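Here's the structure we're looking at; comments come further down.
The model shown is predicted, which means the values in this text are computed figures rather than measured ones.
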Amino acid sequence: QVHVVESGGGLVQPGGSLRLSCVASGRTYSIYTMAWFRQAPGKDRECVAGVSRSGTNTRYADSVQGRFTISRDNAKNTAYLQMNGLKLEDTAIYYCASRRGSVVSARDYEYEYWGQGTQVTVSS
């Protein structure tokens, strides 16, 4: 069992930055693939970024490529999402998720454990 809790959301102006954190509990955290998803009102949930167990393999949605960076620190049981150059369309609830598989999947149904989400609002 893995329990995840997100933090770091908030209100930011267009062009600004935020860093989201996801702290996981459970002794097997280091073997789990981690990902960030987001869901805006009226839209489907989408995978924003994912990172492999070792941290060497990552994937990003086309919409955030070059602006967002996912990373993890297994010693701290924490995954991060650094978001730069934020746009109005990045406004959403951001969720951290983990899965036992080694593939950095973008399919939400392949992730077993989810946090409650943190709100990110980009507005002028």
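Side-chain contact between T91 and Q119: present, with at least one pair of heavy atoms (C-beta onward) separated by less than 4.5 Å. A 4.5 Å side-chain heavy-atom check between W114 and D108 finds at least one atom pair inside the cut-off. In this structure, M83 and S17 have side chains that are not in contact, with every pair of non-hydrogen atoms separated by 4.5 Å or more. Put simply, the side chain of H3 reaches to within 4.5 Å of the side chain of S25, judged on heavy atoms. Put simply, the side chain of R38 does not reach to within 4.5 Å of the side chain of K43, judged on heavy atoms.
When the side chains of ILVMFWY residues are joined at heavy-atom separations under 4.5 Å, either directly or via intervening members, V48 and V104 end up in two distinct hydrophobic clusters. Both L18 and Y60 belong to a single network of hydrophobic side chains, linked directly or stepwise wherever heavy atoms of I, L, V, M, F, W or Y lie under 4.5 Å apart. Placement of Y80 and V64 in two distinct hydrophobic clusters is found when ILVMFWY residues are connected by side-chain heavy-atom separations under 4.5 Å, directly or transitively. Under a hydrophobic clustering in which Ile, Leu, Val, Met, Phe, Trp and Tyr are joined whenever their side-chain heavy atoms come within less than 4.5 Å, directly or via other members, I93 and L20 fall into different clusters.
The side-chain tip of R19 does not point at the ring of W36 from less than 6.0 angstrom away and within 45° of straight on.
Contact between A61 and C47 at its shortest, heavy atoms only, is CB-O, 3.4 Å. Residues S98 and V2 come closest through the heavy atom pair OG-CG1, 3.9 Å. For the pair P14 and L88, the tightest heavy-atom approach, listed with the atom from each and the gap, is CG-CD2, 3.8 Å. Looking at every heavy atom in both residues, A92 comes nearest to A40 through CB-N, 3.8 Å. Listed here is the closest heavy atom pair of V4 and M34: CG1-CE, 4.3 Å.
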Could you walk me through whether R72 and Y32 pass the side chain to side chain donor-acceptor pair (under 3.5 Å) check? CA-CA 11 Å; R72 65 190 293 166; Y32 284 72; over 6 Å; no
I'd like to know whether T56 forms a side chain to side chain contact (heavy atoms under 4.5 Å, CB included) with V51, so could you lay out the CA-CA distance, the side-chain angles of the two residues, the decisive distance to 0.1 Å, and finally the verdict. CA-CA 7 Å; T56 55; V51 61; over 6 Å; no
Take E112 and R100, measure what side chain to side chain contact (heavy atoms under 4.5 Å, CB included) needs, and give me the verdict at the end. CA-CA 8 Å; E112 294 100 337; R100 289 185 291 267; 3.5 Å; yes
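Checked against side-chain contact (heavy atoms from CB on, under 4.5 Å), S105 has the following partners two or more places apart in sequence or in another chain: R99, R107, E110, Y111. Looking at residues two or more places apart in sequence or on another chain, you find no salt bridge (Lys or Arg N to Asp or Glu O under 4.0 Å) involving E89.
Atom OG of S54 is separated from atom CG of N74 by 8.5 Å, given to the nearest 0.5 angstrom. Rounding to the nearest 0.5 angstrom, the gap separating the OG atom in S21 from the NZ atom in K76 is 9.5 Å. E6 contributes atom CD, which lies 11.0 Å from atom CG of L81 (distance to the nearest 0.5 angstrom).
For the 3.5 Å distance criterion, the side chains of S123 and T121 fail to qualify, holding no donor opposite an acceptor. Inspection of the T78 and D73 side chains reveals no N or O donor paired with an N or O acceptor under 3.5 Å. With no hydrogens or angles considered, no side-chain donor-acceptor pair links R59 and N57 at under 3.5 Å.
Relative orientation of the F68 and Y94 rings is tilted, given thresholds of 30° and 60° on the angle between their planes.
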